[in-house]
Amino acid sequence: MRDGAAIDVSQERVGSAAIVRVSGDVDMTGSPRLRDEIRTAQDARPERIVVDLSEVQYMDSSGLATLVEAMKNAKNKGSLLVLCSMHDKVRGIFEIARLDQYFTIVDSTDEALNA
Amino acid sequence: MSATRTAPDYATAHIKLELLSDPIYLSGAREMVSAVSRRLGFDEVTCCQIALAVDEALANIICHGYNRRTDGKIWLYLWPGDGAPGSPTVRIVIEDEARQVDIEKIKSRDLKDVRPGGLGVHIIKEVMDEVVYEKRQKTGMRLTMAKSVCACDNNTGGHRDA
């Protein structure tokens with residue numbers, strides 16, 4: 001079925017953490033896929049979820065909404081959600097939306113696993 | 001921001017793009033706008049911001065105007081400005097035939113209330129210098145956006161302070 005999503009999302013379990021790796025443009029077509037993957041990861045109740053954004057060059061407000069929802073779910077479940085390896089262009093939209101202080105954003109996956 | 005103004009002179013637009021309200025065309029539209037903005041002289045950050053504003057505007061039309069119908073028509077027009085060298089300007093008009101919305105209801109929400117959604121209008125107003133929503137005469141909405149960079153701003157990265 002055609003969904004037009006230019007996004008790939010994969011998961012990896014590292015100890016008590018889940019790493020969700022995203023690649024592509026997180027826009028209106030790709031955000032539902034990211035949302036589903038993060039929800040699946042959260043259902044397994046890891047202590048923390050790391051969202052690796054190193055391969056994301058573009059994100060719009062639908063991507064922000066997806067991550068805000070994921071953060072709220074994480075708080076409800078008593079787990080951590082950490083964003084890592086964000087490009088400056090993507091960080092810019094977090095700053096425009098005043099969300100850069102709402103999320104824990106670190107530079108690398110290793111740092112995210114220990115943040 | 002809203003105002004009543006006459007329809008733009010479509011014949012003078014340098015770019016005219018007609019697309020359907022299908023989200024699969026969002027990436028093509030924003031990449032075109034970003035590439036053109038770059039050739040007009042905007043720096044990389046500003047090109048991304050202009051493309052983001054266009055993406056958010058189109059997504060709003062698709063989601064709220066056409067209620068995710070994928071066969072609605074959307075038109076995008078672009079005019080470069082005639083600013084001095086090093087001071088690029090661009091004007092973009094986006095129109096649709098979707099349901100008309102009360103202009104007063106098109107506004108940013110309180111960002112202190114962190115929740116999913118509702119950020120599109122805030123983003124558009126934050127990154128563009130001029131943002132005007134209006135109802136088209138018979139049906140649909142028109143959004144006019146403009147961005148300019150003064151040469152004197154270029155040492156700060158070519159974009160105005162938020």
Side-chain angles (χ1 to χ4, degrees), chain A residues 1-8 23-36 38-39 42 51 53 56-76 81 83 86-105, chain B residues 19-31 33-35 38 43-66 68 70 108-128 157-162:
Chain A
M1 181 178 154
R2 183 191 73 156
D3 65 3
I7 187 174
D8 283 312
S23 171
D25 289 354
V26 186
D27 65 4
M28 190 179 161
T29 62
S31 291
R33 173 87 194 281
L34 176 59
R35 180 176 183 266
D36 289 346
I38 293 177
R39 283 208 155 209
Q42 286 178 322
V51 182
L53 297 168
V56 173
Q57 296 286 342
Y58 181 83
M59 183 180 292
D60 69 7
S61 65
S62 68
L64 292 179
T66 299
L67 293 173
V68 167
E69 181 186 327
M71 183 63 142
K72 288 187 175 292
N73 286 341
K75 286 181 176 175
N76 287 340
L81 183 108
L83 310 181
M86 194 183 286
H87 286 266
D88 287 345
K89 283 191 286 190
V90 174
R91 184 182 284 265
I93 186 176
F94 281 77
E95 293 170 355
I96 289 167
R98 318 275 196 271
L99 288 169
D100 50 317
Q101 301 300 314
Y102 177 70
F103 290 98
T104 302
I105 303 172
Chain B
L19 63 154
L20 293 181
S21 56
D22 190 323
I24 68 166
Y25 303 122
L26 286 175
S27 62
R30 67 174 177 260
E31 284 166 17
V33 168
S34 179
R38 194 170 300 115
D43 66 23
E44 191 63 29
V45 170
T46 311
C47 290
C48 291
Q49 292 179 338
I50 296 168
L52 177 63
V54 167
D55 183 280
E56 296 292 346
L58 295 174
N60 278 345
I61 292 168
I62 293 169
C63 287
H64 306 300
Y66 286 116
R68 296 184 181 266
T70 56
S108 314
R109 66 168 170 79
D110 181 5
L111 297 184
K112 289 176 185 166
D113 174 21
V114 178
R115 57 182 165 83
L119 290 169
V121 173
H122 166 78
I123 289 170
I124 293 168
K125 290 183 174 178
E126 186 79 8
V127 303
M128 300 300 280
H159 55 96
R160 70 191 176 109
D161 292 337

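Every chain is numbered from 1, with letters handed out A, B, ... down the list of sequences.
- Contact count versus chain B (heavy atoms, under 4.5 Å) is highest, among A:K72, A:E95, A:E69, for A:K72.
- A salt bridge links A:D25 to B:R30: one of the charged nitrogens lies within less than 4.0 Å of a carboxylate oxygen.
- The structure places CG of A:D27 at 6.0 Å from CG of B:D55, a figure rounded to the nearest 0.5 Å.
- Taken from OG in B:S27 to CD1 in A:I7, the straight-line distance is 12.5 Å, to the nearest 0.5 Å.
- The greatest number of non-hydrogen atom pairs below 4.5 Å with chain A, out of B:I123, B:L58, B:V114, B:I62, is found for B:V114.
- At a 4.5 Å heavy-atom cutoff, the contact between A:I96 and chain B is made by backbone and side-chain atoms alike.
- With a 4.5 Å cut-off on non-hydrogen atoms, A:M71 does not touch chain B at all.
- Enclosure of atom CZ in B:R68 is not indicated, since only 12 or fewer non-hydrogen atoms of other residues, nucleotides or ligands lie within 6.0 angstrom.
- Residues passing the ring pair (Phe, Tyr, Trp, His ring centres under 6.0 Å) test with A:F94 are A:F103, sequence neighbours excluded.
- With sequence neighbours left out, A:A74 forms a side-chain contact (heavy atoms from CB on, under 4.5 Å) with A:Q42, A:S79, A:L81.
- Contact of A:L67 with chain B is not made at all, since no heavy-atom distance falls under 4.5 Å.
- Atom CE in A:M28 sits 9.0 Å away from atom CG in B:D22 (nearest 0.5 Å).
- Atoms NE2 and SG, on A:H87 and B:C48 in that order, are 11.5 Å from each other to the nearest 0.5 Å.
- By the neighbour-count criterion of 12 heavy atoms within 6.0 Å, atom CG of A:N76 is densely surrounded, having more than that number from other residues, nucleotides or ligands.
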